[in-house]
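Lettering of chains follows the sequences in order, A, B, ..., and the numbering in each one begins at 1.
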Amino acid sequence: MLAGIGFIAPLLAYLVIFYAYPLYENVSMSLHRFTRATYVTGEAPYAGGDIYREVISSAQFWPTVLQTATFVVVSLVFQYSIGLGLAVFFQRHFPLSVVMRGLFLVPWLLPIIVSATTWQWMMDADSGIINRLIGVVGSDPVWWLNSDNSLWAVIIANIWLGIPFNLVILYSGLQGVPVELYEAAAIDGAGRGRQFWHITLPLLKPVTAVTLLLGFVYTLKVVDIIWIMTTGTGSSQTLATWAYSMAFGKGASAVIKYSEASVIGSILLLVALVMGFVHLFVQRRQEAV
Amino acid sequence: MNSRRRWAIAAGAVVAVASLAACGGGDNGAEEALTTVTFWDPYPQHDENSDWATYVEACAPEGMSLERTSIPNGDILNELTTAVKEDTAPSVVLLDNPAVPDAAVSGLLAPAEDAGIETEGPDENLAGPGTIDGTTYGVPIGANTLGLYYNETILEDAGVDPAGITSWDSLNAALQKVTGAGHQGITLAGISGEEGTFQFLPWFWGAGADLSDPGSDAAVEAGQLLSDWIGAGYAPKSAITDNQSASWDLFLTGEYAFAENGSWFAQAASELEFGAKMMPIPAKDGGAAPVPTGGEFAVAPTHKDNASAHYAAANEVIDCLVGAGNQVTTDDMLGYFAANGEERQQQIDADPIWEPWADAITSAEGRTTDLGPDYTAASGAISEAEQAALNAAGDEKAVRAAFEEAAQQVAQ
């Protein structure tokens, strides 16, 4: 009995110190009014749900939620479908397929500061390469990082960034699909399209669920690529960049707002948690089938 | 789970936490002599082998060594906040001047009087941000400010006489001429945040606007000026995300006729092939616009344990850096102006590249002098309005709406 406790104690201590305590602090911060002076004086009056009400009723909240939802959903749809398309494509072995598959991992390997800055250059309204290409086709240049367009600019960059992750996971998922099924289907006269819809996609379901869940959580908390490209200005402000800007007094929020930032942090945690339960539910249903 | 087991688990966790806490160790509060004096500055561009590092380390008080840490400007105040909480703050910090009031009212800084720091000497306009509600917290390490650089080759080619640019109208006329001759107009940094506000203030103040009222007609005019530059293609659209280094890089291409940028680039500008000169930023109706002061303040953070030893060490280090006779050496190294008028005159006499800046720095204004700690919120609101104005690319309704919104935010 005692020995059992001895074995579990380090894990428990780790969980308490590195998970439970920070979580508790975050929630506590969102219920008290923290200012910079709080760090010195320790004074943080209890505000109950007031700060939640203030944040949710602020003019920025709902537009930011909508932008976050757009950012996450559009990113995921394209990352997943392009990643799946490429994974299926690379399933056939052809000369240089391994090298090409390796090249698709580049976005994953580059430091984000490098790739985000490069996207910023490419999307420069006056001299960026994307506008030059558009000019060749004869269209008017686009002011990509303008406050109206910046959400789409960061979505494009984020899709590019997320393709390798989807490609790698879905590709390894495809390796688990027995080749015999395809052979049998081919004998029964199923074409490549039918094979994809009736074999590949259904058998990839568990992998798809994990990919989308992880992708959702990663995308929800993306700060770096947006911050480097636009400092979260205009329509590119998401809940995560908003929280970052308030927590550190950077960008649009010059004044540091610890409590408001932790309100957003708590909301993001809650959303991620709900998605986790959705994943568990889907998984359990699949196992039951 | 039975209650004995639950109790035991709880006890195990407590023991583990307590043993971790014990590693942190506690100070018994006794005054002891410092062996190292810690020093923070926001200059990561000067690494540990740089001349600046050697210079600062040589300022260690006798019998002590100096440990310098560089933290990016945007992070130093937040780092200081947590360090003061843990009582692990450095003895000396070089803090960006608009951050000083915020730090002071949050209780992060020791008043200069308590720390024994000599505050006489710097010119009043440069020392302004260090005094909050009558209490002085630090001394400027030096100062920098903004000017309008121009590309001599382009102006000559376009037939523009730089001496004729004395107001917004004559500047706009010059921009029209250079862009008409196939060149680019002006680079500036409109990035969201304090850096963008810093760059906007010469136009804001030059129109006669006041920080306490960002919704005034004058403020709108300043926003409209920059908005029109984007709309007319005089300024690059990347101004909305450019910081001062990025906008300087654009000027370095030699394609742009003008660049609003800092005196810290004066040395680099003097070495450019196309011939880059500086003129004061014009005010709307003529004359030089008031420009904001930049640069850091040397301050002593508050300490709980061993406070007097920290303050004494801070005092010696600060005196070594900015005391009488030492300012010029320090500021030459940083590309700053000495904060004391007489010492600055020596500096300007010794190097002709500083000459055109002399008046600008003498008449420069502290950003926080009027509003004190409230400046931070006003700056944020103005930065947002400026961003909106640049994005509007000339749309007058949108520019006015943006500044009215800023006024509302400041009023709250």
Side-chain angles (χ1 to χ4, degrees), chain A residues 1-2 4-17 20-21 35-43 59 117 120-121 123-128 131 141-150 227-235 237 245 247-256 258, chain B residues 4-5 8-17 19-20 74-75 77-78 80-86 98-99 102-103 105-108 184 191-194 196-197 230 233 236-238 240-241 243 246 250 255 302 374-384 387-388 390-393 405:
Chain A
M1 176 67 200
L2 259 178
I5 294 165
F7 279 114
I8 206 173
L11 176 68
L12 210 66
Y14 171 76
L15 286 176
V16 167
I17 294 168
Y21 177 68
T35 64
R36 197 182 287 286
T38 302
Y39 280 97
V40 180
T41 59
E43 279 169 36
T117 310
Q120 197 194 34
W121 285 342
M123 286 178 165
D124 187 272
D126 299 306
S127 54
N131 274 351
V142 177
W143 189 357
W144 291 101
L145 302 177
N146 175 286
S147 57
D148 295 333
N149 299 333
S150 55
W227 196 263
I228 296 163
M229 285 177 68
T230 70
T231 36
T233 51
S235 58
Q237 173 165 291
S245 119
F248 297 96
K250 293 183 174 188
S253 172
V255 182
I256 208 147
Y258 297 107
Chain B
R4 207 179 64 177
R5 199 158 138 216
I9 288 171
V14 167
V15 168
V17 173
S19 59
L20 271 171
D75 300 325
L77 182 56
N78 292 339
L80 182 65
T81 307
T82 39
V84 167
K85 176 181 187 252
E86 303 295 334
D102 198 359
V105 296
S106 302
L108 304 180
Q184 304 287 339
I191 187 171
S192 171
E194 181 56 38
T197 306
I230 301 275
K237 294 198 173 72
S238 65
I240 54 168
T241 49
N243 62 19
L250 286 174
E255 292 168 15
T302 42
D374 292 339
Y375 171 77
T376 317
S379 161
I382 291 172
S383 165
E384 272 192 73
Q387 275 275 320
L390 294 173
N391 272 296
E405 163 83 30

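Using a 4.5 Å cut-off between heavy atoms, A:L15 does not touch chain B at all. Contacts of A:M229 with chain B are made by backbone atoms alone, with heavy-atom separations under 4.5 Å and no side-chain atom involved. The part of B:E384 that comes within reach of chain A is its side chain, from C-beta onward, which places non-hydrogen atoms under 4.5 angstrom from that chain. The contact between A:N146 and chain B is made by backbone and side chain atoms together, counting heavy-atom distances below 4.5 Å. Neither the backbone nor the side chain of B:L250 comes within contact range of chain A, judged by heavy atoms closer than 4.5 Å. For chain A, the nearby part of B:L390 is the backbone; its heavy atoms alone come within less than 4.5 Å.
Without hydrogens or angle criteria, B:S192 side chain to A:T231 main chain gives no donor-acceptor distance under 3.5 Å. Although no hydrogens or angles enter the test, the distance criterion places a donor-acceptor pair under 3.5 Å between the side chain of A:S235 and the main chain of A:S147. Judged by distance alone, with hydrogens and angles left aside, the side-chain atoms of B:S238 form no donor-acceptor pair with the main-chain N or O of A:D126 at under 3.5 Å. Remark: the backbone N or O of A:T230 is not paired with any side-chain donor or acceptor of A:Q120 at under 3.5 angstrom.
Options B:V105, B:D102, B:T302 differ in how many heavy-atom pairs under 4.5 Å they form with chain A, and the most are formed by B:D102.
For the ring pair (Phe, Tyr, Trp, His ring centres under 6.0 Å) test, residues two or more places apart in sequence or in another chain that qualify with A:W227 are A:Y244.
Remark: A:L145 CG to B:I240 CD1 distance equals 6.0 Å, nearest 0.5 Å.
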